Amino acid sequence: MNSLNDLVLPSGKMLVGGDWRDALSGETIPVENPANGEIFAQLAAGGAEDIDLAVKAARAAFESPGWSKMRPIDRSRLLEQVALKLEAHAEELALIDSFDNGKPKHLAMMVDVPSAVEVFRYMAGWCTKIYGKTLSVSGDGRQYHAYTLRQPVGVVGQIVPWNYPLPMAAWKVASALAAGCTVVLKPSEVASLSTLRMAELILEAGVPPGVVNVVTGYGETVGEALITHPDIDKIAFTGSTNVGKHILRSSANDLRRVSLELGGKSPTIIMPDADLEKAIPDAAMAIFFNSGQTCFAGSRLLCHESIYDTVIAGINEVAKNLPIGPGQDPATMIGPVVNKKQRDRIQSYIEIGRQEGAEVISPNVPLPEQGYYVRPTILSGVTAESRVFNEEIFGPVLAATKFSTEEEAIKLANSSCYGLGANLYCKDMKTSHRMAAALQAGTVWINTYFVVDAAMPFGGFKESGIGREVGDEGVLMYTESKSVCALLDD
Ligand code: NAP
Ligand code: MG
C-alpha cells in the first residue's frame, strides 16, 4: 500500500449527527499534496450554519439516554473497539497523512498511528474509573453526608492543527468520550483527511451517531463559529499561541471552559558530562523529526561551551545523512513541510537568523525539484535576544547557543515566553533532577526525547497553554466537579 490508488479516500463530506454531508453552502476546499503540489482530494468548506447543525446533533446525543445512560463499561468497550479499528487500518491512515501532511508513512506508522490507537485504549480504562470523593465536612456540628461527583462537562468544541493530525484528534476525542462528553471536532483544513477517516471508523466501531461530529473548513469561519457558539460548554484547542489567546479572550463572554495546547520553543540542554553518542543524534532528531513541525520540538540547543563545537559538527553530520523525499518512500526521513506558506515562512526565518549574525550550517544536499522541502539547518551562535532564539519557526531549524554554568543553562532555558518541553542530557542524576525541578516546562525529558504517552499528562507552562491533555488530568479536564451535601440530622 503506497500509492493514492491503494486508498479509498474519505468522501470529503462532513460528519454531522451520523450523516455524511456536504457543506450547506456547497463550497469545497482543494487538498494539496505538499510533495508535488497536486490537488488530490476536496474537503467540504463548512460555515457557521454547519457548526450550528453539528452542535445541535452533539447536544441531542449528549442528552440522549443512549449515550448519557450508557454503562461506563459499555463506553469503555466502545473506545476499545475504536482502538482496534484504528489499529486494523494503521497503514491506510499513515498513507493518508503522508499525502495530506507530507510526513513519511513509515514514521507515521511508528509514531502517529500508535499514539492514536493507544490513547483510545488507555482512555477506555478511564470510563469506569471516574469517581468523586466522600468529604469530612465540619459544618455547624450537625451531621452531613458530603461527596463530590465528577460529571461530563457537556458538548465540547475541539480544534486541532495539521502537524500530527491523527493523534491530535484522537487525544481529544478519546479523552472527551471517556468522560461522557460529546464533541464537535474541527481539524485543520490543511490536513483533515485522516481525521475524517478516523471518524468513519469511530462510527463503524459503534459509537452512537451525534456523539462525534466533524466539521471541516477554515479557522476563521468554522473555527470562529465553533468558539463563539452559545451552546458549547468547553473548547479544547491545540494550535498556535496567537489563536489560543484569541479563543481565551472570546471565552470571557460566558466563561465557557477552555483548555489550550499551544506553541513552544523547547530547549535541548547538553551538560558537559552528557553521553554525546546519545545526545547528538537525539538533539538532531528532536528538531528534524517531522521536518521540525512538532510543538515540543527541541528547537533551541543550549550546549555547554566545552563540547559545543563537537555537538554542532555532530548534529550537522546527522543532518547530512537524513534522506529527504516524499513521504511514501520508505527511506525518507525528512518529508516536505506542509505547504508553501510554511516553507516560505521557515526560509524567511533562516534569512532572519543570518541577518542576526548566526552562522547558517546546512548540509549541501540536493532537494527534490518539486514540493515544499527545507534542508535541516543549524543557526549557530545565536544570542538570547535574537528572534530566531525566541520565536517559534516550526521547521527543521535549530537555534544554537552555548553556556558555561548550570545556572546559566536554566536561565537561558527559562528565558522563553513558552514552556512546553525540555530535553536534558546529563549523566549526573542529582544535577538532572535539580534541573528538572527548575525548568519551566510541562514535560522534562532526561536523556531521552519525544516520549509522549497516553498516561503522561501533556501541556505547557506560560504561553504554551492552559490545562493538560491525556493521563488522569486529561480526562478530568472534560469533567465538572460537583459537591453534594446532605443533612443527616432531623
Ligand atoms: P493555528 O493556525 O493556530 O491553527 C490551529 C487550528 O485552529 C486549526 O484547525 C485552524 O484552522 C484553527 N483556527 C485558526 N483560526 C481560528 C479562529 N479564529 N478560531 C478558531 N479556530 C481557528 O496553528 P497551526 O498552524 O495549524 O499549527 C501549528 C501550531 O500549533 C504551532 O504553534 C504548534 O506549536 C502548535 N501545536 C501545539 C501542540 C501542543 O500540544 N501544545 C501540538 C501541535 C501543534 P485552519 O488551519 O483550518 O485555519
Ligand atoms: Mg494537505
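The first residue of the sequence shown is numbered 1, and numbering continues consecutively from there. Just follow the structure's listing: the first ligand is 1, and inside any ligand the first atom is 1. Not measured: the values here are computed from a predicted model.
Under 4.0 Å from ligand 1, not a single heavy atom of Gln293 appears. Within the 4.0 Å heavy-atom criterion, the part of Glu392 lying near ligand 1 is the side chain and not the backbone. Counting heavy atoms under 4.0 Å from ligand 1, residue Phe296 does not touch it at all. For Tyr164, no heavy-atom contact with ligand 1 is shorter than 4.0 Å. Contacts of Thr238 with ligand 1, taken as heavy-atom pairs under 4.0 Å, involve both backbone and side chain. The side chain of Leu420, and not its backbone, has at least one atom closer than 4.0 Å to an atom of ligand 1 (non-hydrogen atoms only; side chain from C-beta on).
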- [ ] Go through the steps to decide whether Ser266 and Tyr418 satisfy the test side chain to side chain donor-acceptor pair (under 3.5 Å), and finish with yes or no.
- [x] CA-CA 8 Å; Ser266 302; Tyr418 295 113; over 6 Å; no
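Here the protein heavy atom with the shortest distance to atom 6 (C) of ligand 1 is Ile159 CG2, 3.5 Å. Counting protein heavy atoms only, atom 9 (O) of ligand 1 is closest to Val160 O, 2.8 Å. In terms of protein heavy atoms, atom 39 (C) of ligand 1 is closest to Cys295 SG, 3.3 Å. Closest to atom 18 (N) of ligand 1 among all protein heavy atoms lies Glu224 OE1, 2.9 Å. Closest protein heavy atom to atom 46 (O) of ligand 1: Ser188 OG, 2.9 Å. The nearest protein atom to atom 45 (P) of ligand 1, hydrogens excluded, is given as Glu189 OE1, 3.1 Å; this is a heavy-atom distance. Here the heavy atom of the protein found nearest to atom 24 (P) of ligand 1 is Trp162 NE1, 3.4 Å. Of all protein heavy atoms, the one lying nearest to atom 23 (O) of ligand 1 is Ser240 N, 3.4 Å.
Compare Gly244, Gly421, Gly465, Gly239 by their heavy atoms: the one nearest to atom 35 (C) of ligand 1 is in Gly239. Relative to atom 20 (C) of ligand 1, the option among Ala191, Pro161, Gly223 with the closest non-hydrogen atom is Gly223.
Residue Tyr218 has no N or O atom closer than 3.5 Å to an N or O atom of ligand 1. In terms of polar-atom proximity, Gly219 is counted as a contact of ligand 1, with an N or O under 3.5 Å from an N or O of the ligand. Polar contact check, Leu262 against ligand 1: a nitrogen or oxygen pair lies under 3.5 Å apart.
A cation-pi arrangement is found for Lys234 relative to Tyr478, the charged atom lying closer than 6.0 Å to the ring centre and inside a 45° cone about the ring normal. Taking the centre and axis of the six-membered ring of Phe403, the NZ or CZ atom of Lys411 falls outside the cone set by 45° and 6.0 Å.
Counting only heavy atoms, the protein never gets under 4.0 Å from atom 4 (O) of ligand 1.
Ring-plane geometry between Phe394 and Trp162 is classed as perpendicular, the angle between the planes exceeding 60 degrees on a 0 to 90 degree scale with a lower cut at 30.
For ligand 1, the atoms sitting less than 4.0 Å from at least one non-hydrogen atom of His246 are 18 (N), numbered in the order shown with element in parentheses. Each of the following atoms of ligand 1 lies closer than 4.0 Å to a heavy atom of Phe458: 40 (O). Contact atoms of ligand 1 toward Ile227: 19 (N) (distance under 4.0 Å to a heavy atom of the residue). Close approach of ligand 1 to Met168 is summarised as follows: ligand atoms under 4.0 Å from at least one heavy atom of the residue are 42 (C). Of all atoms in ligand 1, listed by their number and element, those nearer than 4.0 Å to a heavy atom of Gly217 are 47 (O). Interface of Phe237 with ligand 1, defined as ligand atoms under 4.0 Å from a residue heavy atom, comprises 3 (O), 5 (C), 6 (C), 7 (O). Within ligand 1, counting atoms from 1 as listed, the ones closer than 4.0 Å to a heavy atom of Asn163 are 43 (C), 44 (C). Annotation for ligand 1: atoms under 4.0 Å from non-hydrogen atoms of Pro187 are 9 (O).
Side-chain contact of Ser115 with Trp171: a donor-acceptor pair under 3.5 Å is present, judged by distance alone. Side chain to side chain, Tyr425 and Thr268 fail the donor-acceptor criterion of an N or O pair below 3.5 Å.
Expressed to the nearest 0.5 Å, how far SG of Cys181 lies from CG of Asp233 amounts to 8.0 Å. The structure places CD of Gln328 at 8.5 Å from NZ of Lys105, a figure rounded to the nearest 0.5 Å. Within the model, atoms CE of Met333 and CZ of Phe288 stand 11.5 Å from one another, a figure rounded to the nearest 0.5 Å. Thr28 OG1 to Asp22 CG: the interatomic distance, rounded to the nearest 0.5 Å, is 9.0 Å.
Between Phe296 and Phe458, a ring centre-to-centre spacing shorter than 6.0 Å is recorded.
Arg121 and Glu118 are not joined by a salt bridge, as no carboxylate oxygen comes within less than 4.0 angstrom of a charged side-chain nitrogen.
No donor-acceptor pair under 3.5 Å is formed between the side chain of Lys340 and the backbone N or O of Gly37.
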